[in-house]
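The structure appears right after this line, and notes come after that.
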Amino acid sequence: MFANAYQGCRVFITGHTGFKGSWLAAWLTQLGAEVCGFSDTVPTLPSHYAALELGSQLVRDLRGNICDRSALRNAVCDFQPDIVFHLAAQALVRKSYQQPAQTFETNVMGTLNMLEAIRACTSVKAVVLITSDKCYRNNEWPWGYRETDHLGGQDPYSASKGCAEIVAHSYFDSFFADGEAPRCATVRAGNVIGGGDWAQDRIVPDCARAWAAKTAAKIRNPWATRPWQLVLEPLSGYLWLGARLLLGQNEPFDLRGQAYNFGPSSDVNKSVAEVVETLAIHWPGFTSEMNTTKPANMNECTLLKLCCDKALAHLGWKATLTFDETVRYTAEWYRYFYNGDARERPQNMMTFTLGQISAYTNTATQRNQIWTQK
Ligand SMILES: NC(=O)c1ccc[n+]([C@@H]2O[C@H](COP(=O)([O-])OP(=O)(O)OC[C@H]3O[C@@H](n4cnc5c(N)ncnc54)[C@H](O)[C@@H]3O)[C@@H](O)[C@H]2O)c1
């Protein structure tokens with residue numbers, strides 16, 4: 001798996017208490033990595049991080065603010081990682097309207113501080129910086145955005161991710177271009193779903209909260225179309241890219257300083273309404289109310305697709321699951337969480353989560369995904 005690059009590898013992850021970061025940290029521990037996590041808080045209650053008692057599985061479980069440049073540099077230099085995955089961010093579009101300055105500070109200056117910490121730490125060989133599909137200037141095109149398309153973003157969150165991309169590629173070109181420097185890349189994924197997300201104003205967490213309270217979920221923007229994918233799909237791309245950057249040998253394409261989209265195949269772009277309808281199939285008793293009124297002063301795009309041909313050409317990466325499988329994994333995680341025995345939950349949820357990772361990698365192996373080969 002992943003060319004065995006993570007066995008005994010020292011990995012520094014920011015945002016490990018968040019939804020994607022906690023899945024990534026759990027997967028890396030399963031792969032035999034020594035993981036240090038750096039995050040300011042646990043962002044939700046409940047959380048995937050707490051449900052797994054993930055902190056006890058890590059070599060270090062640090063609390064700090066990525067806007068504090070010296071604290072972040074000290075944490076990285078002290079741990080001496082081989083590779084860094086940077087996921088910490090203010091990740092919510094709605095919150096970015098309420099706290100635009102804090103969103104830009106965290107997402108732009110936080111990325112810059114991460115790059116400064118990497119400059120200061122000689123052990124780092126590879127870096128994967130996570131931005132977003134929303135970094136592109138959205139033209140409501142019906143086709144997928146390519147890595148060479150204009151960056152942009154109307155709402156503060158999307159714009160902050162476009163800015164983070166510009167900062168990162170400036171550092172790649174200015175400081176990380178020569179042969180001995182850390183090999184770095186940015187990654188842009190679409191909307192991820194999966195068990196353990198309890199963020200505000202996201203469709204699956206909204207449904208999970210409503211289902212747990214035995215009420216109908218209120219669905220905003222049912223017409224919005226997104227490249228939905230299971231959280232493990234982009235993570236397989238990040239891990240495979242990270243492994244290739246770490247190993248850095250005999251690459252037909254130079255991966256350094258590149259940006260990669262990781263999304264589902266283009267026929268898996270579905271509307272919010274289709275996600276909700278498919279969840280209802282795998283989530284007995286689930287009901288919803290579709291709200292078709294757009295909130296005032298909110299300008300979130302309605303159509304966003306990614307073209308992932310570059311990840312296929314350079315890395316041999318493509319998505320594994322169908323849309324129905326993606327929603328089924330998600331529904332099963334929440335059903336297990338809400339129906340399981342609360343006293344045994346942390347142990348159970350870690351076992352269950354690692355079981356989902358194993359099931360996903362088995363499916364990927366059967367479907368000949370390149371990163372599963374020895
Ligand atoms: N979830 C999605 O659908 C999605 C889609 C595209 C891109 N992304 C990106 O992926 C990354 C992870 O997203 P997520 O959904 O796991 O987000 P999340 O909100 O669940 O987690 C965010 C993490 O960042 C940490 N964090 C936030 N501000 C911080 C600060 N100032 N200092 C230190 N840590 C801080 C939080 O503690 C948490 O660990 C983000 O960069 C996000 O923009 C997510």
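Keep in mind it's a predicted model, so treat the numbers as computed, not measured. Numbering of ligands and ligand atoms starts at 1, following listing order.
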(message) Does either side chain, that of Ser158 or that of Asp155, offer a donor lying less than 3.5 Å from an acceptor on the other one?
(response) yes
(request) Write down, by chain and number, every protein residue that brings a non-hydrogen atom to less than 4.0 Å from an atom of ligand 1. (result) Gly15, His16, Thr17, Gly18, Phe19, Lys20, Ser39, Asp40, Thr41, Pro43, Gly64, Asn65, Ile66, Leu87, Ala88, Ala89, Ala91, Thr106, Ile130, Thr131, Ser132, Tyr157, Lys161, Ala189, Gly190, Asn191, Val192, Arg202
(request) Using the six-membered ring of Phe79, assess whether NZ or CZ of Arg10 lies under 6.0 Å from its centre and within 45 degrees of the ring axis. (result) yes
(message) Are Val192 and Tyr49 linked, directly or through intermediate hydrophobic residues, by side-chain heavy-atom contacts shorter than 4.5 Å (ILVMFWY only)?
(response) yes
(request) Kindly write out the residues that satisfy side-chain hydrogen bond (donor to acceptor under 3.5 Å, both in side chains) with Trp240, not counting sequence neighbours, or none if the list is empty. (result) none
(request) Quick one: closest heavy-atom pair of Ile370 and Leu315, and the distance? (result) CG2-O, 3.5 Å
(request) Check each of Tyr238, Phe2, Phe85 against Trp27 using the ring pair (Phe, Tyr, Trp, His ring centres under 6.0 Å) test, and report the only one that passes. (result) Phe2
